[in-house]
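Here is the structure we will look at, set down as structure tokens.
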Amino acid sequence: MALKPVLGKLGSKRVVLASASPRRQEILCNVGLRFEVVPSWFKETLEKSSFATPYKYAIETAKQKALEVANRMHVKHLRTPDIVIGADTIVTVDEHILEKPVDKQDAYRMLSRLSGKEHSVFTGVAIVHCNSKDNRLETEVTDFYEETKVKFADLSEELLWEYIHSGEPMDKAGGYGIQALGGMLVEYVHGDFLNVVGFPLNHFCKKLVELYYPPPKHTLHHIKHDSIPSVETFENLSDEESDSSSPIQYKDAIKMDRSKPHSSGGVCSPGSSNIIKPNCMVPVENRNRVMENPDKFPSKIVELLDGFRASKALFVASKLKVFNLLKNKGVLQSVDVANTINASVCGTERLLDACAALGLLEKTIQGYSNTDSANTYLASDSEDSLHGYIIHSNDHLWPLFTHLESAVKEGTMQNYRAFGKKSENLFQDSYYQSMEVKQRFMAAMHSIAKLTAKDVVTAFDLSQFRSACDLGGCTGALANELVQKYPNLKVTVFDLPEVIANVSHFQPVGQHTAPVTFTSGDFFKDNLPAADLYILSRILHDWTDEKIHVLLSKISAACKPGSALLVAEIVLSEEKINPPRAVLQSLSMTEGKQRSASEYKQLLEKYGFTSVQIKITGNFLDTILGFRKLSAH
Ligand SMILES: O=c1[nH]cc([C@@H]2O[C@H](COP(=O)(O)OP(=O)(O)OP(=O)(O)O)[C@@H](O)[C@H]2O)c(=O)[nH]1
């Protein structure tokens, strides 16, 4: 039986993966499930000894992760999901439960314990169905676990340390990643390979079928209680539902995944955003067709190959304000859209169809209409609109990326080739002197800051601070979110005079919190406003080490003991290939670079900040908080 009908049913539901694990995201993306990623804040601290078996511990942790996200989305953002999926992977050996190592010594302890032995990997999974009734959240939990046995070869000390120094063990249960370098440690695997990687896809798919297509009552006796339903359960679908013309055959899908080690890269990893991921946005219908014969068809490569067309369709539809029009009018035929946007009917129809194929619009016999996601993120007048950033991507990033080959050869930004101007200092460059370019840039920063601000201000409890200064805070979007969350906090935005001169039309109307103060200056040259908390959001990755030295030295000097620095950036995985969003951003060849968690920690410590904590939100931006100690190095 095919999986397509189940995915079709889920296509109309708001599915959330409560996990920051890029592997889980990739595994689920690969089967064509459309979902959002909202990493759980649940701390994995349940008392292990209170569980009769290790798998019960993994299941309970998975459940708590999913419930935490369901509750948070319901209460905080009033966006109740339909389904939240949580998972937890653990390794057991000699009656010990191993989770992710806390440091290299811990990784050493784990790996030497596993050396030469067989161990079990358990992943507990919870599927939480949510329903909001009278503003109260009702949940129904389905859970299960999968066990896989893995045998390690005898590991020499040399190999063990070489592996640990690769950085790979740190975010992996048991301290190894079987899908990558850690595969060299393994002699055999008995059971589901993907279960070891972090998500038992086979069992999960069966569970979905069981939930959405329960077997007719008279066949129930074929299924043993508390066991995985047999594959035959798939046959319970009617002909119509199981559409044999485009099957993702369950066994084939598993075969494909097992035969190829999973790279942790991929388009669907965290860091892209808290909205549906681009390649998950491809409608289920199309994905299934592409994946029809996974062994013979390079679907991922084809998706990447077509990616530029998809991006450009989004850019042009945004530029022509198609999403605004459909938000205001509801449903329109292509001819009406064409007339309003002053474009050809045939061209408009092709564009609208492309947007529908990409899952941005819906197409029915009545015409075209926005999806919820388009109303929320693509119409320029929406609260959470990404319009500014999309236009910036089209007008600024797209020309730069057409010169990627030169950028790679020369290792420099391609502003001169793309715009005929050099851009050493953004706002002082003649290219940015144009009011239109300046405002477009600010609109782009504003839309990203608005989208990310909530995650940044809630990542840590900042209630202990009395004053904050957002350095390079541009339109004040983050500052405004800060004063909403902490009404007693006095927030100053410090940015270049040219920026401050243009902030007025980005200010929220009808906000009843203390106003944010805007101060102009150059954070490399001028004195910084006094504050207990300094914020650098999306600043550090753009500058050279020398400039960062100047900036962090100034902040460090301005900080009193107990003050802190909050950095918001996309944090790279230690192997530096995830999330792809950060890695792809680097291709712009700005003077700066993206950094991993350990690099940010080292950087902050170098300038006298201690107790550095890092929160991976899995959304657009991660956060790093460090406290100023008594004396600087
Ligand atoms: O061979 C491999 N084994 C395990 C992994 C990865 O290890 C982690 C397991 O940790 P956990 O279940 O706690 O999940 P987190 O990463 O903390 O993400 P959540 O936000 O879901 O809690 C998991 O990422 C596995 O993928 C591996 O990659 N290879």
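Note that the structure is a prediction, hence the values are computed from the model and not measured. For ligands, and for the atoms within them, numbers begin at 1 and follow the listed sequence. Note that the numbering runs from 1 along the sequence shown for the chain.
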Considering heavy atoms of the protein only, find what lies nearest to atom 27 (C) of ligand 1 and give residue, atom and distance to 0.1 Å. Lys172 CD, 3.3 Å

Please list, in number order, the atoms of ligand 1 under 4.0 Å from a heavy atom of Arg24. 11 (P), 12 (O), 14 (O), 15 (P), 18 (O), 19 (P), 21 (O), 23 (C)

Pi-cation contact, Trp161 with Lys104 (under 6.0 Å, within 45°): no

Record the part of Asp171 in heavy-atom contact with ligand 1 below 4.0 Å; permitted values are side chain, backbone, both and neither. backbone

Electrostatic pair Asp94:Lys117 at N-O distance under 4.0 angstrom: yes

Of the protein's non-hydrogen atoms, which lies at the shortest distance from atom 28 (O) of ligand 1, and what is that distance? Gln179 NE2, 2.8 Å

Lys/Arg N to Asp/Glu carboxylate O, Glu383 vs Lys450, below 4.0 Å: yes

Which residue and non-hydrogen atom of the protein lie closest to atom 26 (O) of ligand 1, and at what distance in Å? Val197 O, 2.6 Å

Please write down residue, atom name and distance for the protein heavy atom closest to atom 16 (O) of ligand 1. Ser21 CB, 3.8 Å

Main-chain N/O of Arg14 paired to Asp82 side chain as donor or acceptor, under 3.5 Å: yes

Is it possible for you to check whether Lys9 lies under 6.0 Å from the centre of the six-membered ring of Tyr213, through NZ or CZ, and within 45° of that ring's axis? yes

Taking atom 7 (O) of ligand 1 as the reference point, the nearest protein heavy atom with its distance: Ala173 N, 3.0 Å

In terms of atom number and element, which parts of ligand 1 are under 4.0 angstrom from non-hydrogen atoms of Gly177? 1 (O), 2 (C), 29 (N)

Regarding Glu146 and Thr123, is there a side-chain donor-to-acceptor distance under 3.5 Å anywhere? no

Any idea which protein heavy atom is nearest atom 1 (O) of ligand 1, and the distance to it? Ile178 N, 2.7 Å

Distance-only polar pair, side chains of Glu605 and Thr610, donor-acceptor under 3.5 Å: no

At a 4.0 Å threshold, what atoms of ligand 1 neighbour a non-hydrogen atom of Glu44? 13 (O), 17 (O), 22 (O)

Would you check if the distance from the ring center of Tyr176 to the ring center of Phe152 is below 6.0 Å? yes

Nitrogen or oxygen of Arg23 less than 3.5 angstrom from that of ligand 1: yes

Do any nitrogen or oxygen atoms of Lys65 lie less than 3.5 angstrom from nitrogen or oxygen atoms of ligand 1? yes

Under 4.0 Å between a side-chain nitrogen and a carboxylate oxygen: does that hold for Arg23 and Glu26? no

Just to confirm my output: which protein heavy-atom neighbour is closest to atom 15 (P) of ligand 1, and how far is it? Lys100 NZ, 3.6 Å

Measure from the ring center of Tyr600 to the ring center of His541 and say whether it is less than 6.0 Å. no

Any N/O of Val196 closer than 3.5 Å to an N/O of ligand 1? yes

Who's the nearest protein heavy-atom neighbour of atom 20 (O) of ligand 1, and how far? Ala20 N, 2.7 Å

Any heavy atom of Glu99 under 4.0 Å from ligand 1? The part involved is neither

